[in-house]
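To start, the structure itself, in structure tokens.
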Amino acid sequence: MKPRHKNVPEQALLAAVAAGHDPNNCTVVSDVLARIGDKWTVLVVMLLQNGPRRFNELKRMIGGISQRMLTLTLRGLERDGLVTRTVYPTVPPRVDYALTDLGRSLGEPVRHLGAWANANAATIMEARRIFDTDIQHLDG
């Protein structure tokens, strides 16, 4: 996702700055939220909360994720300092993934978000059903 509103009117920009808002912060926040808001990232962080796991263990536990997507997700998390990758000199090599302190600090917000999703799933599904029904009437 990229910001669509790049040409912010000068008056609005000045008002935001006067209120203590740094417009450059939006880009940073958007970038971080893109990483932690990804569905695979959330699942990986939740699975690593109880300790290190191996790649194939994570792949088995996350239904529907491809090897490539898990690799990209873990690499992104490692790049962002949320996960560490430890290679053990065994044959075959053993690789463990674990949360860093920063990654563990993400666990609580992720748990809250998951609890919110569980508590509101039925309401959301009903809203979708109503919306889809209304759209069909408009299209038909």
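Trp116 belongs to a hydrophobic cluster whose remaining members, ordered by chain and number, are Ile124; membership requires side-chain heavy atoms of ILVMFWY residues under 4.5 Å apart, directly or through intermediates.
Scanning both residues, Leu99 and Leu48, for their nearest heavy atoms gives CG-CB, 3.6 Å. The two residues Lys59 and Ile65 make their nearest non-hydrogen contact at NZ-O, 3.7 Å.
Ionic pairing of Arg60 and Glu57 is not present here: no N-O contact between side-chain nitrogen and carboxylate oxygen is shorter than 4.0 angstrom.
Contacts of Asp132 classified as side chain to side chain donor-acceptor pair (under 3.5 Å), with partners at least two apart in sequence or in another chain: none.
Val42 and Leu33 fall within a single hydrophobic cluster, where Ile, Leu, Val, Met, Phe, Trp and Tyr side chains are chained together by heavy-atom contacts under 4.5 Å. In the hydrophobic cluster analysis, where Ile, Leu, Val, Met, Phe, Trp and Tyr join through side-chain heavy atoms closer than 4.5 angstrom, Leu113 is grouped apart from Leu43.
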*asked:* Is there a side-chain contact (heavy atoms from CB on, under 4.5 Å) between Val32 and Asp80? Walk through the geometry before answering.
replied: CA-CA 9 Å; Val32 171; Asp80 289 347; over 6 Å; no

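Taking CG of Leu106 as the start and CZ of Arg111 as the end, the distance is 9.5 Å to the nearest 0.5 Å. Going from atom CZ of Arg75 over to atom CZ of Arg79 covers 11.5 Å, rounded to the nearest 0.5 Å. With values rounded to the nearest 0.5 angstrom, Arg129 atom CZ is found 9.0 Å from Asp134 atom CG. To the nearest 0.5 Å, atoms CG (Leu82) and CG (Leu102) are separated by 4.5 Å. Residue Arg104 holds its CZ atom at 4.5 Å from CG of Asp101, rounded to the nearest 0.5 Å. Between the OG1 atom in Thr71 and the CZ atom in Phe55 there is a gap of 3.5 Å [rounded to 0.5 Å].
Side-chain contact between Thr73 and Met69: present, with at least one pair of heavy atoms (C-beta onward) separated by less than 4.5 Å. Residues Thr41 and Val110 have side chains not in contact (no heavy-atom distance under 4.5 Å, counting atoms from C-beta outward). Inter-residue side-chain proximity for Leu72 and Trp40 is flagged as unmet; no heavy-atom pair is nearer than 4.5 Å.
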Please table the atom pairs, donor to acceptor, closer than 3.5 Å between any side-chain atom in residues 83-90 and protein atoms at least two apart or in another chain.
from  : atom 1 : to    : atom 2 : distance (Å)
Thr84 : OG1    : Ala98 : O      : 3.4
Arg85 : NE     : Tyr97 : OH     : 3.3
Thr90 : OG1    : Pro92 : O      : 2.7
Thr90 : OG1    : Arg94 : N      : 3.3

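Environment of CD in Glu108: sparse, with no more than 12 heavy atoms of neighbouring residues, nucleotides or ligands closer than 6.0 Å.
Using modelled atom types, one side-chain atom of Arg53 and one backbone atom of Leu47 make a donor-acceptor pair closer than 3.5 Å.
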